[in-house]
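As the structure is a prediction and not an experimental result, all values here were calculated from the model. Below, read A as the first sequence line, B as the second, and so on, with proteins coming before strands; counting in each chain starts at 1.
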2 protein chains.
Amino acid sequence: MKRDSRLSSVLHALLHMHEADGPMTSETLAKCLGTNPVVVRRTMGLLRKTGIVTSDRGPAGGWRIAADLRTVTLRQLHAALGEPAFFAIGNRNETPECLVEQAVNAALDDTFIKAEALLLERFSQITLADLAADFSRRYAERRRQGA
Amino acid sequence: MKRDSRLSSVLHALLHMHEADGPMTSETLAKCLGTNPVVVRRTMGLLRKTGIVTSDRGPAGGWRIAADLRTVTLRQLHAALGEPAFFAIGNRNETPECLVEQAVNAALDDTFIKAEALLLERFSQITLADLAADFSRRYAERRRQGA
DNA sequence: TCTAATCGTAACTACATAAGTTACATGAAA
DNA sequence: TTTCATGTAACTTATGTAGTTACGATTAGA
Ligand code: FES
Ligand code: FES
């Protein structure tokens, strides 16, 4: 399957919205992301449902952040997107009769469950404010070097 | 996306082959796995290329394990399958110009690289012999309980 | 040698899901 | 009323495993 890049997309969009003065339109965001305005609306619409962003129609409308960057974690964003599966690999049969397959599933599940816990743990600890701060660091760094 | 269950499949097949006396045919394995003989050949063929199994044609032919179970790790099997991607989630753009997207990618990459390291680490430590032993434990347990 | 069993492989379909696109309705501002 | 912008349905595209059909190649054994 094709990889799900929606988390990456919304993070990118949210940080640009944070840097921007007023609301940003789907059109503008789509150009930033190199995609289509409808894709932006579809994806950002999921964040609207959980109150992370708001949207306004009509002239001077667009998308705005509606939450404190320090309180929004990557885990919350992942949840807002519907908790898409992290892994592209899985068991052939989740509830096997066969003891052989049960042994196989147990070994794989043990590993993947631990990896998922690690991912969720780290996602819980990273906020949008952290990413914004990292961007600022990179920006300052570029100005220092770029003359 | 449909999940890749080939690692699960080959583990299941290999353990059944370990329990069996002679070679097992694609037909038999397919019935075990609840799939098609061609799928078995296609997948097991990848293991043959790295010498983990051998196949023989003709009557009394089929698949046999060609390695010491104690030396074959899940990591080697994953490699033999072509190192399919672990994650169903990824960056929108792997080499962005934009500093915002670089900050986003850095955060996600950091997390996913650590999770992948964990997976590979654990996969390196689990051998087919471990799974066979776990199966034996489960088998003994069932006999003890099942009357 | 003939037959049947098996693998090897090509080619096609089925499936799942995000992404991309087109089209149009809805609503708000000036 | 016009224009800008979102909301959303519907359809297409892309990607890769899984499933299926078909047939060729090889080998054991009668
Ligand atoms: S794309 Fe990050 S520049 Fe808007
Ligand atoms: S399926 Fe495990 S029983 Fe063969």
Enquirer: Whole angstrom is fine here: how far is it from CG in Leu81(B) over to P in dT17(D)?
Expert: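 Atom CG in Leu81(B) sits about 10 Å away from atom P in dT17(D).
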Enquirer: Is there any salt bridge (Lys or Arg N to Asp or Glu O under 4.0 Å) pair reaching into residues 50-65 of chain A, and which pairs are they, with sequence neighbours excluded?
Expert: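 Listed by first then second residue: Asp56(A)-Arg64(A).
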Enquirer: May I ask you to evaluate whether Arg41(A) reaches the phosphate of dT21(C), defined as a side-chain N or O under 4.0 Å from OP1 or OP2?
Expert: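 So the side-chain polar atoms of Arg41(A) never come under 4.0 Å of the phosphate oxygens OP1 or OP2 of dT21(C).
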Enquirer: How many whole angstroms separate atom CZ of Arg48(A) from atom P of dG27(C)?
Expert: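 That distance rounds to 13 Å.
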Enquirer: Assess whether a salt bridge exists between Arg144(A) and Glu141(A), defined as any Lys/Arg side-chain N lying under 4.0 Å from an Asp/Glu carboxylate O.
Expert: yes
Enquirer: Provide, to the nearest angstrom, the distance between the NZ atom belonging to Lys2(B) and the C1' atom belonging to dG19(D).
Expert: 8 Å
Enquirer: Roughly, in whole Å, what's the span from CD in Glu27(A) to C1' in dT3(D)?
Expert: 14 Å
Enquirer: Asn36(A) has an atom CG; how far is it from atom P of dG20(C), in whole Å?
Expert: 8 Å
Enquirer: Compute whether any side-chain donor of one residue and acceptor of the other, for Thr43(A) and Arg6(A), lie under 3.5 angstrom apart.
Expert: no
Enquirer: Looking only at side-chain N and O atoms, does Thr28(B) offer a donor or acceptor that is under 3.5 Å from a partner on Thr25(B)?
Expert: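 Side-chain D/A pair, Thr25(B) to Thr28(B): present.
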Enquirer: With the criterion being N/O to N/O and under 3.5 Å, what pairs connect the protein with nucleotides 10-12 of chain C, and how long is each?
Expert:
residue : atom : partner  : partner atom : Å
dA11(C) : N6   : Arg42(B) : NH2          : 3.3

Enquirer: On DNA chain C, compare the nucleotides closest to Gly62(B) and Ala60(A); which residue's is nearer the 5' end?
Expert: Gly62(B)
